[in-house]
Trainee: 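The structure is given below, and queries will be raised subsequently.
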Amino acid sequence: MTDFPAATQRARVRVPLRFNDGYSADAELVTFHGLTDAQEHVAVVLGEPAPGALPLVRLHSECLTGDVFGSARCDCGPQLREAVERIAERGGVLLYLRQEGRGIGLYNKLDAYALQDQGLDTYEANAALGLPEDARDYTAAAQMLAALGITELDLLSNNPDKAEQLRGLGVTVRDRVPTGVFSTAHNVRYLRAKVLHTQHTLPLAELTELNAG
């Protein structure tokens with residue numbers, strides 16, 4: 001287990017969420033003092049777990065292009081939308097983490113896109129820029145969960161690294177619950193790279209067929 005300083009809740013505010021497809025949910029947004037990376041991460045508290053049930057939690061890395069502009073080059077926007085509904089139904093928290101481009105930042109992510117247009121996959125493009133394939137550290141996420149009183153959870157994610165990091169930080173992850181598969185003609189190579197490079201739980205055979213088509 002890694003030791004880290006405690007964070008504290010800074011403020012809580014109720015925010016009604018409304019999506020373009022008509023779905024809506026009431027959320028409580030929580031900000032924090034004392035996060036180790038000094039970023040303005042936000043916890044989105046949705047619903048209330050049933051008595052004795054574990055909260056469903058998603059660690060969602062910020063993606064301006066996908067979350068805000070609806071980019072089809074990734075699956076981030078649809079994953080965010082799905083996560084809000086699934087967590088609201090069951091009760092839990094979405095941690096919205098300011099980790100654009102798997103932690104390399106927006107400008108570097110767009111530079112990586114240009115290299116992907118030349119044939120590199122998303123991880124190869126990062127390496128060609130001299131950047132980590134995935135620079136994300138989830139210590140702040142563990143701090144946020146502790147400040148919310150969450151020590152045990154089910155994790156909504158296809159990414160095994162998120163569960164492994166949380167467990168190493170002392171969070172009990174009972175189950176890792178996969179998200180949906182949101183493939184398009186524009187993101188299928190990106191999704192395949194996630195499986196091949198970082199063992200995301202996505203259907204490789206199906207994605208290979210789409211890529212070949």
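All residue numbers in this chain count up from 1 along the given sequence.
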Trainee: Atom CD of residue position Glu152 - does it have more than 12 heavy atoms of other residues, nucleotides or ligands inside 6.0 Å?
Mentor: yes
Trainee: Determine whether a donor-acceptor pair (N or O, by modelled atom type, separation under 3.5 Å) exists between the side chain of Gln143 and the backbone of Thr36.
Mentor: yes
Trainee: Can you name the closest pair of heavy atoms from Gln99 and Ser61 and give their distance?
Mentor: OE1-OG, 2.8 Å
Trainee: State, with a plain yes or no, whether a side-chain heavy atom of Asp67 is found less than 4.5 Å away from one of His60.
Mentor: yes
Trainee: Is there side-chain contact between Thr31 and His41, with heavy atoms separated by less than 4.5 Å?
Mentor: no
Trainee: Side-chain contact test, heavy atoms from C-beta onward, threshold under 4.5 Å: evaluate it for Leu153 versus Thr172 and give yes or no.
Mentor: no
Trainee: Quick one: does any side-chain atom of Glu100 pair with a main-chain N or O of Leu106 as donor and acceptor, under 3.5 Å?
Mentor: no
Trainee: Give a yes or no on whether the backbone of Leu97 and the side-chain of Glu40 come within a donor-acceptor separation of less than 3.5 Å.
Mentor: no
Trainee: Linking Ile, Leu, Val, Met, Phe, Trp and Tyr through side-chain heavy atoms less than 4.5 Å apart, which residues share a cluster with Val84?
Mentor: Val13, Val15, Leu17, Phe19, Tyr23, Leu29, Val42, Val44, Leu46, Leu56, Leu80, Ile87, Leu94, Tyr96, Leu156, Val177
Trainee: Taking the side chain as everything from C-beta on, heavy atoms only, tell me whether Asp21 gets closer than 4.5 Å to Arg81.
Mentor: yes
Trainee: With no hydrogens and no angle check, is any side-chain donor or acceptor of Asn158 less than 3.5 Å from a backbone partner on Thr179?
Mentor: yes
Trainee: Under 4.5 Å between any side-chain heavy atoms of Arg176 and Glu164, yes or no?
Mentor: no
Trainee: Of the non-hydrogen atoms in Ala43 and Val93, which two are nearest, and what is the gap between them?
Mentor: CB-CG1, 3.9 Å
Trainee: Any side-chain to backbone donor/acceptor pair from Glu85 onto Glu82? Under 3.5 Å, distance only.
Mentor: no
Trainee: Does the side chain of Asp161 come within less than 4.5 Å of Tyr138's, by heavy atoms?
Mentor: yes
Trainee: Show your reasoning for whether side chain to side chain contact (heavy atoms under 4.5 Å, CB included) applies to Gln116 and Thr122.
Mentor: CA-CA 6 Å; Gln116 291 170 43; Thr122 180; 3.8 Å; yes
Trainee: Please lay out, stage by stage, how Ser157 and Asn159 fare under the test side chain to side chain donor-acceptor pair (under 3.5 Å).
Mentor: CA-CA 5 Å; Ser157 177; Asn159 185 354; 5.3 Å; no
Trainee: How long is the span from the CG atom in Asn108 to the CZ atom in Arg102, to the nearest 0.5 Å?
Mentor: 12.0 Å
Trainee: Take Cys74 and Gln79 through the test side chain to side chain contact (heavy atoms under 4.5 Å, CB included) and record every step on the way to the result.
Mentor: CA-CA 10 Å; Cys74 65; Gln79 281 192 326; over 6 Å; no
Trainee: Side-chain heavy atoms under 4.5 angstrom apart, residues restricted to Ile, Leu, Val, Met, Phe, Trp, Tyr: same cluster for Leu54 and Leu155?
Mentor: no
Trainee: Near Arg174 CZ, under 6.0 Å, is it more than 12 heavy atoms from other residues, nucleotides or ligands?
Mentor: yes
Trainee: More than 12 heavy atoms of other residues, nucleotides or ligands under 6.0 Å from CG of Asp117: is that the case?
Mentor: yes
Trainee: Kindly determine whether Glu62 and Gln39 satisfy side chain to side chain contact (heavy atoms under 4.5 Å, CB included), including the steps that lead there.
Mentor: CA-CA 12 Å; Glu62 176 183 49; Gln39 296 294 313; over 6 Å; no
Trainee: Output yes when a side-chain donor or acceptor of Asp175 lies under 3.5 Å from a complementary backbone atom of Asp154, and no otherwise.
Mentor: no
Trainee: For a quick test of reading the model, state the closest non-hydrogen atom pair linking Lys162 to Leu59 and the distance between them.
Mentor: NZ-O, 2.6 Å
Trainee: If we ignore hydrogens and angles and just use 3.5 Å, is the side chain of Glu133 paired with the main-chain N or O of Asn126 as donor and acceptor?
Mentor: no
Trainee: For the hydrophobic clusters of this structure (ILVMFWY residues joined by side-chain heavy atoms under 4.5 Å, transitively), does one cluster hold both Ile104 and Tyr113?
Mentor: no
Trainee: Mind running side chain to side chain contact (heavy atoms under 4.5 Å, CB included) on Thr8 and Phe32 for me, showing each step along the way?
Mentor: CA-CA 6 Å; Thr8 58; Phe32 300 86; over 6 Å; no
Trainee: Show the numbers, then the answer: is there a salt bridge (Lys or Arg N to Asp or Glu O under 4.0 Å) between Arg14 and Asp26?
Mentor: CA-CA 7 Å; Arg14 293 197 173 277; Asp26 291 328; over 6 Å; no
Trainee: Does CZ in Arg18 sit with more than 12 non-hydrogen atoms of other residues, nucleotides or ligands closer than 6.0 Å?
Mentor: yes
Trainee: Would Gln165 and Arg136 count as having a side-chain donor-acceptor pair, cut-off 3.5 Å?
Mentor: no
Trainee: Which pair of non-hydrogen atoms, one from Phe4 and one from Leu169, has the smallest distance, and what is that distance?
Mentor: CE2-O, 3.4 Å
